[in-house]
Amino acid sequence: MQLGVIGLGRMGRIVVDRLLAADHDVVAFDIDDEAVDEAANAGARPADSITDLAAKLDSADGKHVWLMVPAGDAVDAALEELEPSLSADDVVVDGGNSYFEDSVRRAESCPAAYLDCGTSGGPAGAELGFSLMIGGPADAYQRLTPAFDAVATGPDGHERMGPAGSGHYVKMIHNGVEYALMQAYGEGFELLHEGRYDLDLENVASVWNNGAVIRSWLLELCEEAFREEGNDLGDVADRVEGGSTGTWTVQEGLEQEVPLPLIYTALGERFGSRADDGRFSRRLASRLRYGFGRHTVPRRE
Ligand SMILES: NC(=O)C1=CN([C@@H]2O[C@H](COP(=O)(O)OP(=O)(O)OC[C@H]3O[C@@H](n4cnc5c(N)ncnc54)[C@H](O)[C@@H]3O)[C@@H](O)[C@H]2O)C=CC1
Ligand SMILES: O=C(CO)[C@H](O)[C@H](O)COP(=O)(O)O
């Protein structure tokens with residue numbers, strides 16, 4: 001089938017490559033000309049604008065366009081340029097990490113059928129294919145099935161979750177779970193590292209990955225991290241970026257009155273890692289111990 005792909009970064013380029021490998025006809029565009037040239041070298045037809053991409057798609061069976069740009073303004077900007085070329089016979093897929101309420105709004109205003117597609121697996125999962133969680137009209141999902149088969153791990157790697165927004169809603173909560181799992185592995189390995197035995201953490205991760213209850217891909221990535229960075233993680237800084245999808249998950253938990261203590265704690269640890277000058281709350285706690293107990297206050301150099 002024919003597809004236009006907009007956004008050819010780490011994820012969009014994999015979408016293009018997997019569609020091409022399954023013999024689909026791909027028209028590719030990115031605001032970065034070099035990314036377009038590279039996709040063209042891989043076998044995609046290059047477009048020099050979103051309007052050009054739409055013009056290069058045959059409209060006989062309806063146009064199919066896959067967005068893989070950063071969440072937020074970039075999705076709205078791409079849609080603004082794309083929408084004059086769209087009709088009700090066309091299908092747009094947003095495969096990025098968009099906020100689900102934005103996807104509901106976009107589905108309502110888009111002239112084409114709109115599918116919000118949560119994508120999991122990351123660039124490291126390119127060879128295996130992705131896990132795709134899709135929201136939107138069932139007939140549009142059915143029509144795009146050959147493309148989803150190609151980009152996902154296969155037919156079992158994608159499912160329609162429900163109406164507009166549900167794909168990105170499921171992916172948002174997936175990311176909340178990801179934060180909590182990362183925090184749990186982090187705490188366990190920190191105790192192993194600081195604890196009473198002199199342990200090789202790559203070996204621990206390896207043996208856990210072979211049959212243990214807590215084996216997982218994230219644990220395989222822990223093993224890789226200790227192998228590549230060293231047992232004490234070398235010069236990896238104590239600072240974790242990102243956080244938008246975890247924040248949305250916690251906000252939704254509050255709104256639905258569903259307690260999410262593990263996800264909230266993981267998010268809080270991430271925010272806490274960014275205090276360049278040390279945590280104010282810990283410094284105050286230290287001073288308060290002096291206040292009530294005349295305990296020594298460690299002072300800055
Ligand atoms: N990297 C990851 O592990 C994952 C990323 N995602 C989501 O997929 C989306 C894309 O992520 P990445 O590929 O990692 O980002 P990226 O930053 O590697 O690539 C984004 C690409 O979009 C292009 N772009 C930006 N605005 C554009 C516009 N208006 N028109 C055309 N092209 C435009 C950029 O030039 C860039 O090449 C994001 O929403 C991200 O949150 C989802 C799952 C995993
Ligand atoms: O969706 C993903 C993994 O599943 C992306 O890697 C995402 O960027 C991770 O989120 P954050 O930046 O909040 O850590």
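Just so it is clear, the model here is predicted, and its values are computed rather than measured. Atoms within each ligand, like the ligands themselves, are counted from 1 in listed order. Residue numbers count from 1 along this sequence.
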With side chain to side chain donor-acceptor pair (under 3.5 Å) as the criterion, how do Thr245 and Asn175 come out once you've worked through the C-alpha distance, each side chain's angles and the decisive distance to 0.1 Å? CA-CA 6 Å; Thr245 51; Asn175 279 27; 3.0 Å; yes
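In this structure, the side chain of Asp30 engages the main chain of Leu8 through a donor-acceptor pair within 3.5 Å. Checking side-chain atoms of Asp52 against main-chain N and O of Asp48 turns up a donor-acceptor pair under 3.5 Å. For the pair Asn203 (side chain) and Leu199 (backbone), a donor-acceptor distance under 3.5 Å is absent. For the pair Arg45 (side chain) and Asp25 (backbone), a donor-acceptor distance under 3.5 Å is absent. Under a 3.5 Å cut-off, the side chain of Arg10 and the backbone N or O of Pro123 do not form any donor-acceptor pair. Between the Arg215 side chain and the Ala212 main chain, a donor and an acceptor come within less than 3.5 Å of each other.
Distance from atom 15 (O) of ligand 1 to its nearest protein heavy atom, with residue and atom name: Arg10 NH2, 3.7 Å. What sits closest to atom 28 (C) of ligand 1 on the protein, heavy atoms only, is Ile31 CG2, 3.9 Å. When only non-hydrogen protein atoms are considered, atom 38 (C) of ligand 1 lies nearest to Val69 O, 3.6 Å. Here the heavy atom of the protein found nearest to atom 19 (O) of ligand 1 is Gly9 CA, 3.2 Å. Nearest protein heavy-atom contact of atom 20 (C) of ligand 1 is Pro70 CD, 3.7 Å. The protein heavy-atom contact nearest to atom 13 (O) of ligand 1 is Met11 N, 2.8 Å. Looking from atom 6 (N) of ligand 1 to the surrounding protein, the closest heavy atom is Asn97 ND2, 3.7 Å. In terms of protein heavy-atom proximity, atom 29 (N) of ligand 1 is nearest to Ala74 O, 3.9 Å.
Ring geometry for His158 against Tyr141 counts as perpendicular: the plane angle is over 60°, on a 0 to 90° scale with 30° as the lower cut. Taking the six-membered ring where tryptophan is involved, the planes of Tyr185 and Phe189 are tilted, since the angle between them lies from 30° to 60°.
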Could you list the donor-acceptor pairs under 3.5 angstrom formed between side-chain atoms of residues 72-89 and any protein atom two or more places apart in sequence or on another chain?
unit_1 : atom_1 : unit_2 : atom_2 : d
Asp76  : OD1    : Arg105 : NH1    : 3.3
Asp76  : OD1    : Arg106 : NE     : 3.0
Asp76  : OD2    : Arg105 : NH2    : 3.3
Asp76  : OD2    : Arg106 : NH2    : 3.2
Glu81  : OE2    : Ile50  : N      : 3.4
Ser87  : OG     : Asp89  : N      : 3.4

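The ring pair (Phe, Tyr, Trp, His ring centres under 6.0 Å) with Tyr169 is formed by just one residue from the set Tyr99, Trp248, Phe100; it is Phe100. No option in Asp94, Val104, Asp90, Val91 other than Asp94 meets the side chain to side chain contact (heavy atoms under 4.5 Å, CB included) test with Tyr114. When each of His174, His168, Lys171 is paired with Asn97, the side chain to side chain donor-acceptor pair (under 3.5 Å) condition holds for Lys171 and for no other.
Proximity annotation for atom 8 (O) of ligand 1: of Arg13, Met68, Glu80, Glu34, Met68 comes nearest, heavy atoms only. With distances taken over non-hydrogen atoms, the option nearest atom 37 (O) of ligand 1 out of Thr245, Ile50, Asp30 is Asp30.
Close approach of ligand 1 to Thr119 (heavy-atom distance below 4.0 Å) involves ligand atoms 42 (C), 43 (C). Interface of Gly122 with ligand 1, defined as ligand atoms under 4.0 Å from a residue heavy atom, comprises 3 (O). Close contacts between ligand 1 and Pro123 involve ligand atoms 1 (N), 2 (C), 3 (O) [criterion: under 4.0 Å to a heavy atom]. In summary, the atoms of ligand 1 found under 4.0 Å from a heavy atom of Gly96, numbered by their order in the structure, are 7 (C), 8 (O), 9 (C), 39 (O). Under a 4.0 Å criterion applied to the non-hydrogen atoms of Ile6, ligand 1 contributes the atoms 30 (N), 31 (C).
Listed as neighbours of ligand 2 are Asn97, Lys171, His174, Asn175, Glu178, Tyr179, Gly242, Gly243, Ser244, Thr245, Arg270, each bearing a heavy atom under 4.0 Å from the ligand.
Residue contacts with ligand 1 include Ala71, since one or more of its heavy atoms lies under 4.0 Å from the ligand.
If you check the side chains of Arg143 and His64, you find a donor sitting under 3.5 Å from an acceptor.
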